[in-house]
Structure formats: C-alpha cells, structure tokens
Amino acid sequence: DILAHGMFEAERYGFKTVFHVHDELVCEVPTGDEELTPNLLEECMTTQPDWCMDLPLAAEGAVMKRYRK
C-alpha cells in the first residue's frame, strides 16, 4: 500500500512508471529532464500516507540506462 501511494505521488509529478518490484519503483524519464530527478522521486516515495504518519520511510534513487539491482 505504501509503494502504491509513492507511485501515485510520482505520477502526480509527471514520472511515468514502467514497473515496480517488491519495494522498488522504476520510472522512465526523458534524457536531460531537469525536473524529474532522483531526489524528487525519493521525495515522492517517502511521502507518508495519512494513515501511517509515524512510519519512518527512506528511499534511494539512481539514473540508469537499463534496470539493474
């Protein structure tokens, strides 16, 4: 449920979700886009839903040309 919340937040800012795996969200962003940054995606993924405001959340993002672990 928390991953889905992060996905909706990311899409609200313009990220295009390609797929998600367990606790990862993979988004496609045009090359050179200066607005859709890993930091913004991290913010979206750590925005707490109203029903779990005390739950600590953390995220790490990266820019890659292809998916890897």
Side-chain angles (χ1 to χ4, degrees):
D1 291 344
I2 294 170
L3 178 65
H5 178 78
M7 187 183 330
F8 288 128
E9 283 292 307
E11 289 178 354
R12 188 167 67 88
Y13 279 93
F15 286 96
K16 179 183 174 191
T17 302
V18 178
F19 66 94
H20 55 87
V21 178
H22 183 58
D23 61 351
E24 298 179 38
L25 184 59
V26 179
C27 298
E28 187 174 63
V29 176
T31 302
D33 191 311
E34 295 181 11
E35 292 182 20
L36 301 178
T37 64
N39 288 339
L40 179 56
L41 185 56
E42 290 171 15
E43 283 184 38
C44 293
M45 295 298 294
T46 56
T47 300
Q48 296 165 314
D50 293 339
W51 48 268
C52 68
M53 293 302 289
D54 295 333
L55 182 68
L57 297 175
E60 294 178 13
V63 175
M64 300 176 213
K65 292 190 180 218
R66 64 185 128 192
Y67 176 76
R68 64 183 152 102
K69 276 303 236 182

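In this text, all values refer to a predicted model and were calculated from it rather than measured experimentally. All values below were derived from every heavy atom in this structure, side-chain atoms included, with hydrogens, water molecules and symmetry-related copies excluded.
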inquiry  = Give me each pair satisfying side chain to side chain donor-acceptor pair (under 3.5 Å) with a member in residues 2-11, each pair once, sequence neighbours excluded.
reply    = E9-R12, E11-T17
task = Could you work out the complete set of other residues in the hydrophobic cluster of M7, with links drawn between I, L, V, M, F, W and Y side chains under 4.5 Å apart?
result = L3, Y13, F15, L25, V29, L36, L40, L41, M45
ask   = If you look only at pairs with a residue in residues 19-41, which of them pass as a salt bridge (Lys or Arg N to Asp or Glu O under 4.0 Å), with sequence neighbours excluded?
value = K16-E28, E24-K69
message = Could you list the cluster mates of V18? Members are the ILVMFWY residues connected by side-chain heavy atoms closer than 4.5 Å, either directly or through other members.
response = F19, V21, V26, Y67
query = Got a sec, which pairs hit salt bridge (Lys or Arg N to Asp or Glu O under 4.0 Å) with one end in residues 48-68, sequence neighbours left out?
reply = none
request  = Run through the side-chain heavy atoms of Ile, Leu, Val, Met, Phe, Trp and Tyr, join any pair under 4.5 Å, and report what else lands in V63's cluster.
outcome  = none
ask   = Residues two or more places apart in sequence or in another chain: which of them pass salt bridge (charged side-chain N to carboxylate O under 4.0 Å, His left out) with E43?
value = none
note = Heavy-atom closest pair (G61 atom, P38 atom, distance to 0.1 Å) is C-CB, 4.1 Å
Residues clustered with L57, ILVMFWY side-chain links under 4.5 angstrom = I2, W51, L55
